[in-house]
J.: 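Before anything else, here's the structure in question.
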Amino acid sequence: FFSNFNFKMAGEKPAGKPFNGKFKGKRPYPAKEDPSKKPKTVPQNHKEQQELRVQRKIAANPNFTLIQELKALWELARQKRLSPKDREPKIARMLAMAKTHLKDIIFQHDSARVVQTMIRYGTPEQRALIHAELVDHTVELSKAKYSRHIVPKLLQYGTRQQRDAIVVKFYGHVRRLMRQKIASEILAAAYIDYSTAQQRANLIAEFYGPQFALFKHESAKSLHDILAEQPTKRPFLMKHLKQAITPMLEKGLCSHLILHRALREYLEEAEGDDRTNMMDTIKELAVEMLHSKDGARVAILCLHHSGAKDRKIMLRSFKPYIPKIAQEEHGYMVLLAALDVVDDTVLLKRTILGEMEEHLMELATNLYSRKVLLYLASHRSRQHFLPALIEQLAKLDGNPHSKKDMATRRKQLLEASSPMLLQLVHEHAAELCLEGQTALLVREILCNCSGDLVPAMTSVAQTSVSGEAPLVHDAAGHRFLRKMVDQNIRSGDHTFNSILVEQLVDAGGRSELFKLAKSNRSAFVILRLLESTFDLEANKRLRAELSAFPTELAALDAKKKAPLELSAGTKLILSCLAGEDTGRSLQSPAKTETKPKAKTGAKKAKKAKHSEPEAEAPANEDDGAAAPAPKSAKKGKSKQTTEESSTPKSAKKPATQETPKSTKKSKRSKSDATPASTSKTAKRQAKADNDDNDDTAEPAPTTPPTKSKPTPKAKKSKANTVEEDDVTPRRGKKAAASEQEIVTPRRSARKRKPVKHIEIS
């Protein structure tokens, strides 16, 4: 045994190689075999390898077989082309198989997708079963990598009660979940999209202290409300709020809306050094909060309460993202606040205006960034900004860190921004003036900016008569030109009116000007130039060019057989050239006809409609010819009835209450006013007139005058014949027949039920 070892003795060299710790010969003792371990069998082919792999997965996951069956059904159920009728049994079978096992299979990547499909395509009852099994594991699901997708699905497709149950499960875990990347996204989605005001307040209240995490208020209360009710707890609440916010800011978790709300409440209530220390932490991170309302408010508070150095640091952090911030729904308000509180206008020009200059056209067409350009041109104009926004910005005026006067700052910013705004109008006048909102921006730029306005005004005037879509023919463009004429814009020796008249006259000569005067929209632009007295030279030149316009219209009218049809604007131009007062507020003559008021009912409108043919009846009297007499007069009836029947219907007055004869004649006139539809109806009408004349010839008993109810119109009557009323048998058959009202049916083939009219006594 010792022969294998070489010992180095003093003064001797080793006989062989040194021992390396390994035996060259046989082992001195045999190796012990483990009876529990079986000899490994290597699979011979691919099939055996696959079976071995499945056995290992079954041993590691007891739900492996269930998941494989669910995946086979899921491949069929998730197809979008599948009809709901065919998908429903597959979803039901999947749910029956996975029931009571959902909490075990939900954390795997493939089975999590299966559960999402069941939630999406399941019935409300099936979703309720899934919700009942998983709602107690909401916090655990929100932390996992794959199961976190289940919570948004339950919130999206669940009922209001189910959503409330999920949000309640987050109570007491807000501060811990906010520090985790995956769980914070789920919590933010539940807070923003599916929580009520009370639930949001309860989630935020966990930042105030441990007691607010355990005991929730029944009503939604902010930090300001709690401090108003319990002012002695201010140090305790502010301390816990600061301790909850600071670690998140140091970790860089600045994009969550819950943190923005907590920061806003802290800055609004903190004072002195506490607020200053918090702003020192926020000033470089504020750019990440501008996408939310509370985050934008936090940035505005920092600008309001910080000094010049801190403001400079904030603006430098904003600089690379100025175009993006301007297009944010709430971010543009931060830029407006910066334009109002920062005294260093050179810094504003370099950081904000310089970055905006490269994207001016994109900013001008955006809904929110356009307000920044309007604020530069018109400041706090109530025509473009809501009173609430103006009031919020006005609170920033009295801050102690701004030394420059508001008027001075406003003048310097306007001088700095005027060149780029005028260049915007000069290069993109055609695109900006064709839309209503951007046209307002162009008007404010030309009215308020300083510098040389002539290039910008010339571009606007050129696009009014040239290009693919001239402004004078556009719906919004011609209104814009009329408004611009009224603004009385002057730049040096040039006015907008003179430049526009020059383009109208020189564009295509007098013939082209006459064509514009004949078109309705362009005619109103020319009319506004004729009525304007701001630039008398331009007005005089335009009138001289249009002096031959009436003569040309008269020549055209003489050539045509039919009368020449003129637009409303053309008629007003002719009146203005003739020296008549057109009246801007008046409508065109074609629309001056009196119409029935909108408040009048359908009855008055129908009377007005039927009064038109009645007004043409006296035409025979003007010619000297007598009106045709009714059949009753030809049969030799009384002269009085003949004269009354020959009078025009429009001249008949309502029946007076002096004698019963006048009332009978008024009834007859109403029946005559309705035209007969067929020959049978005309015969019935003539027979009724004869019977009525017979009744009027006999004296009727005098009765005291009474107020009669209005008789129903022919429109409402559905009877071809009127039944006799037997209510008053004392007055006799002839008297009752005299009070019978004859109604002519409407022109309709459908049958109408007879209507019994009530006697008026």
Side-chain angles (χ1 to χ4, degrees), residues 429-430 433 439 443 446 454 457-467 469-491 493-560 562-592:
C433 296
R443 190 185 70 181
L446 295 179
V454 176
M457 291 192 297
T458 305
S459 298
V460 173
Q462 288 176 352
T463 56
S464 62
V465 293
S466 60
L471 297 180
V472 292
H473 300 303
D474 185 70
H478 88 283
R479 293 192 185 95
F480 164 73
L481 292 175
R482 289 161 60 186
K483 294 290 184 182
M484 290 296 296
V485 172
D486 294 339
Q487 297 301 320
N488 300 337
I489 303 173
R490 179 183 292 275
S491 178
D493 298 335
H494 300 275
T495 63
F496 181 79
N497 295 13
S498 62
I499 296 175
L500 182 58
V501 168
E502 183 179 356
Q503 292 295 327
L504 291 174
V505 173
D506 299 342
R510 182 172 295 182
S511 60
E512 188 66 25
L513 179 62
F514 288 174
K515 290 182 181 179
L516 295 176
K518 295 175 186 177
S519 179
N520 192 40
R521 288 176 177 173
S522 56
F524 276 102
V525 177
I526 296 174
L527 176 64
R528 192 59 58 92
L529 288 170
L530 292 174
E531 293 175 342
S532 176
T533 58
F534 174 65
D535 192 343
L536 297 179
E537 294 182 1
N539 193 331
K540 184 178 179 181
R541 181 183 179 185
L542 184 60
R543 286 180 178 272
E545 295 292 336
L546 291 173
S547 58
F549 183 58
T551 307
E552 182 176 348
L553 290 179
L556 291 175
D557 193 11
K559 292 180 181 179
K560 291 187 176 182
L564 187 64
E565 295 182 1
L566 301 178
S567 64
T570 306
K571 293 178 182 179
L572 292 175
I573 289 177
L574 295 176
S575 301
C576 186
L577 293 175
E580 301 177 3
D581 186 10
T582 57
R584 292 188 181 185
S585 61
L586 297 178
Q587 296 180 350
S588 59
K591 299 182 180 181
T592 56

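Because only heavy atoms are used, hydrogens play no part in the values below, and waters and symmetry mates are left out as well, while side chains stay in. For the single chain, residues carry numbers from 1 onward in sequence order. On a predicted model such as this, the values are computed, not experimentally measured, just so you know.
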J.: Throw together a table of side-chain donor-acceptor distances under 3.5 angstrom for residues 472-485, partners on residues two or more places apart or in other chains.
T.:
| residue | atom | partner | partner atom | Å |
| --- | --- | --- | --- | --- |
| Asp474 | OD2 | Ala476 | N | 3.1 |
| Asp474 | OD2 | Gly477 | N | 2.9 |
| His478 | ND1 | Asp474 | O | 2.9 |
| His478 | ND1 | Ala475 | O | 2.9 |
| Arg479 | NH1 | Ala475 | O | 2.9 |

J.: According to ring pair (Phe, Tyr, Trp, His ring centres under 6.0 Å), who are the partners of Phe534, at least two apart in sequence or on a separate chain?
T.: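 Counting only residues at least two positions away or on another chain, Phe534 forms no ring pair (Phe, Tyr, Trp, His ring centres under 6.0 Å).
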J.: Holding to side-chain hydrogen bond (donor to acceptor under 3.5 Å, both in side chains), I want the full list of residues that pass it with Arg443, two or more places apart in sequence or in another chain.
T.: Gln383
J.: How long is the gap from CZ on Arg528 to CG on Asp486, to the nearest 0.5 Å?
T.: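 Going from the CZ atom of Arg528 to the CG atom of Asp486 covers 4.5 Å.
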J.: Between His494 and Val454, which heavy-atom pair has the shortest distance, and what is it?
T.: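 Answer, listing the atom of His494 first, then Val454: CD2-CG2, 3.9 Å.
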J.: Phe514 versus Glu552: any side-chain heavy-atom pair under 4.5 Å?
T.: yes
J.: Indicate yes or no: at least one non-hydrogen side-chain atom of Leu556 is less than 4.5 angstrom from one of Lys518.
T.: yes
J.: List for me each residue that meets side-chain hydrogen bond (donor to acceptor under 3.5 Å, both in side chains) alongside Thr458, sequence neighbours excluded, and say none if there are none.
T.: none
J.: I need the Leu529 CG to Cys576 SG distance, nearest 0.5 Å.
T.: 10.5 Å
J.: So how far is it from Asn497 CG to Arg490 CZ, rounded to the nearest 0.5 Å?
T.: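 Reported value, rounded in 0.5 Å steps: 9.5 Å.
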J.: Working to the nearest 0.5 Å, report the span between OG of Ser567 and CG of Leu572.
T.: 8.5 Å
J.: My understanding is that only residues two or more places apart in sequence, or in another chain, count here; which of them pass side-chain hydrogen bond (donor to acceptor under 3.5 Å, both in side chains) with Ser459?
T.: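 Result, side-chain hydrogen bond (donor to acceptor under 3.5 Å, both in side chains) vs Ser459: His426.
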J.: State, to 0.1 Å, how close Leu566 and Thr570 come at their nearest heavy-atom pair, and which atoms those are.
T.: CD2-CG2, 4.3 Å
J.: Please answer whether the main-chain N or O of Leu516 pairs with a side-chain N or O of Ser519 as donor and acceptor at a distance below 3.5 Å.
T.: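 Not at all, since once roles are kept as given, no pair shorter than 3.5 Å links the two residues.
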J.: Out of curiosity, Ser532 OG to Leu542 CG, how far, rounded to the nearest 0.5 Å?
T.: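 Ser532 OG to Leu542 CG: 10.5 Å, rounded to 0.5 Å.
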J.: By the salt bridge (Lys or Arg N to Asp or Glu O under 4.0 Å) test, which pairs, at least two apart or in different chains, include something from residues 507-517?
T.: Arg510-Glu545
J.: Going through the checks in order, is the side-chain contact (heavy atoms from CB on, under 4.5 Å) test met by Phe549 and Leu513?
T.: CA-CA 9 Å; Phe549 183 58; Leu513 179 62; over 6 Å; no
J.: Restricting to pairs with a member in residues 532-543, which pass salt bridge (Lys or Arg N to Asp or Glu O under 4.0 Å), not counting sequence neighbours?
T.: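 Listed by first then second residue: Asp506-Arg541.
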J.: Between Ala523 and Ile573, what is the shortest heavy-atom contact and its length?
T.: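 Heavy-atom minimum between the residues: O-CD1, 3.4 Å.
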J.: Looking at Leu546 and Leu577, what are the two nearest heavy atoms and their distance?
T.: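 Scanning both residues, the minimum pair turns out to be O-CD1, 3.5 Å.
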J.: Listed by chain and number, what are the side chain to side chain contact (heavy atoms under 4.5 Å, CB included) partners of Thr463, not counting sequence neighbours?
T.: Ala429, Ala430, Leu471
J.: Compare all side-chain heavy atoms of Ile489 with those of Thr495 and state whether any distance is below 4.5 angstrom.
T.: no
J.: Got a second to check how far Leu527's CG is from Leu574's CG, nearest 0.5 Å?
T.: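 Separation between the atoms: 10.5 Å.
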